[in-house]
2 protein chains.
Amino acid sequence: MLQNHLQLTCKLMSDHRQPTPAESLIAAQGGRITRTRVAVLDVLLAADQSLTHDEIAAALAAQGIKHDRVTLYRTLDWLVDVGVAHKMAGDDRARRFGVAASGPHEHAHFHCDRCGKVVCLEGLQPAVAVNLPGGYQLDRAELVLHGACPSCGKDV
Amino acid sequence: MLQNHLQLTCKLMSDHRQPTPAESLIAAQGGRITRTRVAVLDVLLAADQSLTHDEIAAALAAQGIKHDRVTLYRTLDWLVDVGVAHKMAGDDRARRFGVAASGPHEHAHFHCDRCGKVVCLEGLQPAVAVNLPGGYQLDRAELVLHGACPSCGKDV
DNA sequence: GCGCAAATGCTACTATGTTGCAAAACCATC
DNA sequence: GATGGTTTTGCAACATAGTAGCATTTGCGC
């Protein structure tokens with residue numbers, strides 16, 4: 001993986017350009033630098049909220065990047081697998097994706113019930129050292145806050 | 001709604017039988033007492049975990065109750081609308097339904113990552129009086145704990 | 001029982017996600 | 001730069017979850 005990184009750096013230097021954050025992230029996971037992966041990661045990194053598969057596809061299309069629906073699904077799954085992105089189920093049946101925070105992705109999400117947006121609240125760690133009934137083994141906790149986001153709340 | 005309840009009681013007395021909890025619950029919401037609603041509610045009341053649409057359909061079929069897939073969807077939606085049941089999105093794309101706890105349904109769920117079961121943890125209220133960024137209006141909090149349930153955890 | 005509104009059942013449709021396989025792209029090596 | 005093996009992509013077909021419209025049935029107030 002370090003080797004990959006070095007080789008990427010090498011290749012890029014011969015191209016006379018710097019690796020983008022997205023490219024570095026992908027190389028660090030031992031994955032190949034492909035058009036789709038870089039573009040998807042760029043979109044996710046630029047977004048301040050979780051995006052559905054559909055929204056990402058629209059963003060790619062807007063950039064003129066040709067891609068297949070299936071490829072996007074597989075790219076997103078790969079990003080989740082290697083831990084770069086995280087996947088979460090919303091109230092609608094569409095899954096949403098976002099770049100994972102550093103460390104174990106135990107952070108809270110805020111779901112706006114009016115516009116449907118989902119944003120990550122990084123500095124918000126739920127204190128779940130609660131009284132879990134006997135026998136249950138806790139791996140991780142997921143906290144979803146529902147309400148109105150700033151842009152929706154001000155219109156009320 | 002009180003009138004509804006009285007009329008139901010009246011009707012049932014003439015039938016020489018008591019209203020079941022499910023029938024009372026439905027009547028209390030001003031809804032008609034139908035085969036499907038009573039059966040669905042019975043299933044939900046008897047279950048100690050959230051059920052998918054599919055599982056409920058199987059339970060109804062096991063009781064020999066004929067029903068349409070669409071009817072079940074609409075029945076479940078109605079139960080959620082009137083506040084008797086609650087709906088939650090799992091990691092798979094299937095929604096799960098359960099009877100709502102008394103009071104505002106602010107209770108935690110436990111999701112077993114091995115068998116996929118979802119159980120309600122009634123006495124578990126997350127302390128979410130946390131530092132929400134400015135502008136956000138909090139309506140309700142949803143806490144989902146992930147890990148292994150007693151029956152899965154003991155096999156490890 | 002009678003009539004009306006609510007609920008059901010049917011068909012068809014949309015949206016989301018998956019599988020298998022051949023073609024193309026990536027990149028390590030020469 | 002060309003080459004070759006492996007990964008990734010694109011395509012087509014399929015699978016699952018949920019929705020819409022409308023005619024028929026059913027609960028229930030009278």
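Keep in mind that what you see is a predicted model, and the values were worked out from it rather than measured.
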Nucleotide [N], atom [atom2] - distance to [atom1] of [X] in whole Å:
{"X": "R69(A)", "N": "dT8(D)", "atom1": "CZ", "atom2": "C1'", "value": "18 Å"}
{"X": "L72(A)", "N": "dT9(D)", "atom1": "CG", "atom2": "C1'", "value": "12 Å"}
{"X": "L76(B)", "N": "dT19(D)", "atom1": "CG", "atom2": "C1'", "value": "14 Å"}
{"X": "F97(B)", "N": "dA17(D)", "atom1": "CZ", "atom2": "C1'", "value": "11 Å"}
{"X": "R37(B)", "N": "dC28(D)", "atom1": "CZ", "atom2": "C1'", "value": "13 Å"}
{"X": "Y73(A)", "N": "dT19(C)", "atom1": "OH", "atom2": "P", "value": "13 Å"}
{"X": "H53(B)", "N": "dT16(C)", "atom1": "NE2", "atom2": "P", "value": "19 Å"}
{"X": "K66(A)", "N": "dT9(D)", "atom1": "NZ", "atom2": "P", "value": "12 Å"}

Which residue is it: L51(A), I56(A), V118(A)? I am looking for the one with a side-chain contact (heavy atoms from CB on, under 4.5 Å) to R96(A). V118(A)
Given 3.5 Å as the limit, does a donor-acceptor pair link the side chain of T71(A) with the main chain of H67(A), or not? no
Measuring to OP1 and OP2 of dT8(C), would you say a side-chain N or O of T75(B) lies under 4.0 angstrom away?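 It does, given that an N or O in the side chain of T75(B) lies less than 4.0 Å from OP1 or OP2 of dT8(C).
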Do L79(B) and M88(B) sit in the same hydrophobic cluster, where Ile, Leu, Val, Met, Phe, Trp and Tyr count as joined when their side-chain heavy atoms come under 4.5 Å apart?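 No, because L79(B) and M88(B) fall into different hydrophobic clusters, even though each may have its own neighbours under 4.5 Å.
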Nearest to the side chain of [X], heavy atoms from C-beta on, is which of [options]?
{"X": "T71(B)", "options": "dT8(C), dC11(D), dT16(C)", "answer": "dT8(C)"}
{"X": "V70(B)", "options": "dT11(C), dG18(D), dG20(C)", "answer": "dT11(C)"}
{"X": "D77(B)", "options": "dT19(D), dT16(C), dC22(D)", "answer": "dT19(D)"}
{"X": "T34(A)", "options": "dT8(C), dT8(D), dT16(C)", "answer": "dT8(D)"}

Is there a donor and acceptor pair, one atom on the side chain of R32(A) and one on the base of dT6(D), closer than 3.5 Å?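 Yes.
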Does a distance-only test, which skips hydrogens and angles, find a donor-acceptor pair under 3.5 Å between the side chain of R95(A) and the base of dG17(C)? no
Here's a test of your reading of the structure: between D68(B) and R35(B), which maps to the more 5' nucleotide of DNA chain D?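 Comparing both residues, the 5'-ward one is D68(B).
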Taking all heavy atoms of I26(A) and all of W78(A), pick out the closest pair and write down the distance. CG2-CH2, 3.9 Å
Using side chain to side chain contact (heavy atoms under 4.5 Å, CB included), reason through Q137(B) and C149(A) one step at a time and then give a plain yes or no. CA-CA 6 Å; Q137(B) 293 174 11; C149(A) 71; over 6 Å; no
